[in-house]
Structures are given as structure tokens and as C-alpha cells.
Amino acid sequence: MAEPYPTPLEKNVTAVTTVEEQTDPATGIVYRRRIATCNNIIPSFLRKWSILKVTNIYLEEESWLDMKARVMNLKCRCLTWAQYASMNEESVYRESKHNSNWTEFSQKGTITITGAGYLNCILERFAQTFLKQGARKSIAIMEKILEEKYGSPVS
């Protein structure tokens, strides 16, 4: 099932397709696996190498939503260039221990690039920057969605 993209909040994501969705009858945990199609945002000076000359980048996202525990776990990995690089990201959204109306967000990521010779370091730095910017953008998008849905937070 394809979801409507791009959106004004995330213009580089051009499509997201849910390829698997199931609910565990014993636990109620909802599992989803989605494939995102994204614009290639690698700077043009790096795209002169043939392996980086692609129009789209594909990401796989797996999520586990546990409404009883009020926790959502996400794992995301890059499918494009899998033979040269591994880029993984894990995020957790959970109810705050301090205030049940708050959501705590944690995220970690790993990047490993091989087979690109002297480019390994440059590509790893770019990927690091990309992940950091992506985390900031994800938080900003989530805050905007929550603000639109529930109003501005009380200071």
C-alpha cells in the first residue's frame, strides 16, 4: 500500500510503500515493514563516481508499535549500496517516566563503508552529517505534527 508522498514536511521522500503489516494476536504489537523511495541528496561532486550516480535511494523501515507499553521501536537501513555500505538507525519513542503526557525519543545510528578506498572517510563523514540532520529534522517534523494535532505545548 503506497502512502501519499512527497509531503511539505519531507520533500526528499517521494514514496513510501508498506510491504508487510501484521498484529501479534498474543501481544497486540503491530509490526510494519515499509520501503521509502528518497531523492539522492549526495552532493554532485561525490556523484562523479559511478556507484553514487543513482536517482533514488531506497530505505527499509521496520517498526514495532506496542500500545499497551506505549512504546514504538523503529529500525531503518539503507538498501541502496548495501554491497558497499551499511547505514543503520534505531529509534525508540516511549512514554516519559516523568510525565505520561510526554514522549521520550532516543536514536542511535551506525555507518560502515567499505570498498570505496580513500572515499570511505569522506562518505562516512557525509553519512554522519546526514544522520545527525535527519534526527533533528525527524524531531522537528514530529513536533510540528503533534502541535497541529494537539496545539502548542504549555511552557
**Request:** Applying side chain to side chain contact (heavy atoms under 4.5 Å, CB included), run through T17 and R34 and close with a yes or a no.
**Result:** CA-CA 5 Å; T17 304; R34 305 184 319 163; over 6 Å; no
**Asked** Are I111 and L59 connected in the hydrophobic side-chain network, where two residues link if heavy atoms are under 4.5 Å apart?
**Response**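 Yes, I111 connects to L59 through the hydrophobic network.
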**Request:** Could you tell me which residues satisfy ring pair (Phe, Tyr, Trp, His ring centres under 6.0 Å) with W64, sequence neighbours excluded, listed by chain and number?
**Result:**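 Scan of W64 (ring pair (Phe, Tyr, Trp, His ring centres under 6.0 Å), adjacent residues dropped) gives Y31.
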**Request:** Taking T23 for its side chain and P25 for its backbone only, find out whether a donor-acceptor pair lies under 3.5 Å.
**Result:**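 Checked: no pair found.
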**Prompt:** Just by distance, do the side chain of T80 and the backbone of Y58 share a donor-acceptor pair under 3.5 Å?
**Reply:**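 Yes: the side chain of T80 pairs with the backbone of Y58.
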**I35 versus V19, closest heavy-atom pair with distance** =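 Shortest heavy-atom contact: CG1-CG1, 4.0 Å.
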Could you grab the distance from atom [atom1] of [X] to atom [atom2] of [Y], nearest 0.5 Å is fine?
X	Y	atom1	atom2	value
S63	E21	OG	CD	8.0 Å
C78	E89	SG	CD	11.0 Å
E61	R77	CD	CZ	12.5 Å
N56	T37	CG	OG1	6.0 Å

Distance-only check: which donor-acceptor pairs under 3.5 Å involve side-chain atoms of residues 65-75, not counting sequence neighbours?
from: D66; atom 1: OD1; to: K68; atom 2: N; distance (Å): 3.1
from: D66; atom 1: OD1; to: A69; atom 2: N; distance (Å): 3.1
from: K68; atom 1: NZ; to: T27; atom 2: O; distance (Å): 3.4
from: R70; atom 1: NE; to: E95; atom 2: OE1; distance (Å): 2.6

**Prompt:** Is it true that atom CZ of R33 has more than 12 heavy atoms of other residues, nucleotides or ligands lying nearer than 6.0 Å?
**Reply:**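 More than 12 heavy atoms, drawn from other residues, nucleotides or ligands, come within 6.0 Å of this atom.
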**Asked** Should the pair E104-R94 be classified as a salt bridge under the 4.0 Å nitrogen-to-oxygen rule?
**Response**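 Judged by the 4.0 Å cut-off on N to carboxylate O distance, E104 and R94 do not form a salt bridge.
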**Message:** Is the shortest side-chain heavy-atom distance between Q22 and D24 below 4.5 Å?
**Reply:**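 They are not in contact (no side-chain heavy atoms under 4.5 Å apart), so the answer is no.
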